Amino acid sequence: MSTAIAQPSPDKIQILAHEQYKTPESLSPSNVAPDPLAQFRAWFTAVSADTAVPEPEAMTLCTATASGVPSARVVLLKQADARGFVFYTNYTSRKSAELAANPHAALAFYWRAVHRQVRVVGRAERVTRAESEQYFRSRPRGSQVGAWASRQSTVVADGEVQARAEKLAERFGDGEVPLPEFWGGWRIVPDEVEFWLGKPSRLHDRVRYTRVEGSSDDAPQWKIERLAP
């Protein structure tokens with residue numbers, strides 16, 4: 001689907017499209033699961049089975065420096081469990097440095113084909129070494145070697161990373177590629193989760209879960225409210 005824009009000019013792009021969302025189902029505090037992770041699993045299972053939704057695990061991850069300067073990028077969800085949302089990365093990358101300095105983050109999933117999105121705000125924690133090891137073993141061998149080769153977010157010369165990867169592949173030979181000490185997972189433990197369902201005239205359905213203050217991470221309690229579109 002193309003997006004209509006005004007006659008382009010050297011210094012401006014103006015978007016003219018006004019897509020109307022027409023999802024037949026409804027979303028309200030009365031018809032969602034009592035726990036946001038259960039609601040997320042239901043939605044994610046549905047969109048994963050829908051061939052119209054490419055790469056449903058893609059999510060925007062927003063982090064910030066200790067002084068509050070934000071940055072965002074798209075990463076891939078690798079696990080959603082009872083505690084939160086897990087992704088894997090280099091622990092020396094920009095996102096990891098920001099999470100270490102300011103352990104709060106936001107996630108956003110946008111599934112345009114089905115007019116749904118999910119927004120998450122929470123606290124960041126490293127997953128256990130055993131969890132990282134288990135996931136690392138499931139990666140293709142090239143990706144395992146790539147984790148060693150890339151000093152993520154640093155400035156490099158053309159061809160430098162590929163050359164390093166080739167040398168590492170030769171070094172590891174046919175043996176097991178070990179999990180790097182500088183690589184592993186982060187879990188975003190949610191304090192707020194919002195589900196959004198697109199509706200005509202921008203009158204969207206929005207339901208927000210907010211963690212009840214004082215409830216534990218292992219058995220959280222949630223306040224569920226409808227938000228204005």
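Only this structure's heavy atoms are used, side chains among them; waters, hydrogens and symmetry mates stay out. Keep in mind that this is a model prediction, so the values were computed, not measured. The residues of the chain are indexed from 1 along the displayed sequence.
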Inset, instruction - Please lay out, stage by stage, how Ile224 and Val32 fare under the test side-chain contact (heavy atoms from CB on, under 4.5 Å). - result: CA-CA 9 Å; Ile224 306 176; Val32 295; 4.1 Å; yes
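- Distance check: Cys62 SG to Arg119 CZ gives 10.5 Å after rounding to the nearest 0.5 Å.
- Each of Leu27, Leu197, Asp205 was checked for a side chain to side chain contact (heavy atoms under 4.5 Å, CB included) with Arg116, and the lone residue meeting it is Leu197.
- Aromatic pair Phe40/Phe195: ring centres not closer than 6.0 Å.
- By the ring pair (Phe, Tyr, Trp, His ring centres under 6.0 Å) test, Tyr88 is found to be paired with Tyr135, Trp183, residues two or more places apart in sequence or in another chain being considered.
- With Arg206 contributing its side chain and Ala228 its backbone, the two residues share a donor-acceptor pair below 3.5 Å.
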Inset, instruction - Please assess Glu194 against Gln117 for the test side-chain contact (heavy atoms from CB on, under 4.5 Å), listing each intermediate value before the final yes or no. - result: CA-CA 8 Å; Glu194 180 188 331; Gln117 61 178 305; over 6 Å; no
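- Pairs engaging residues 150-178 under the ring pair (Phe, Tyr, Trp, His ring centres under 6.0 Å) rule: Trp148-Phe172 [sequence neighbours left out].
- The aromatic rings of Trp196 and His204 lie tilted to each other, with the angle between the two planes from 30° to 60°.
- Trp186 and Ser96 share a donor-acceptor pair across their side chains, judged by distance under 3.5 Å alone.
- Glu57 places no side-chain N or O within 3.5 Å of a backbone atom of Leu77 that could act as its donor or acceptor partner.
- Applying the side chain to side chain donor-acceptor pair (under 3.5 Å) rule to Ser71 yields the partners Thr63, Arg73, Glu98; only residues at least two apart in sequence or on another chain are considered.
- Salt-bridge annotation for Glu125 and Arg123: absent, with no side-chain N of the basic residue lying under 4.0 Å from a carboxylate O of the acidic one.
- Ser216 and Asp218 share no side-chain donor-acceptor pair at under 3.5 Å.
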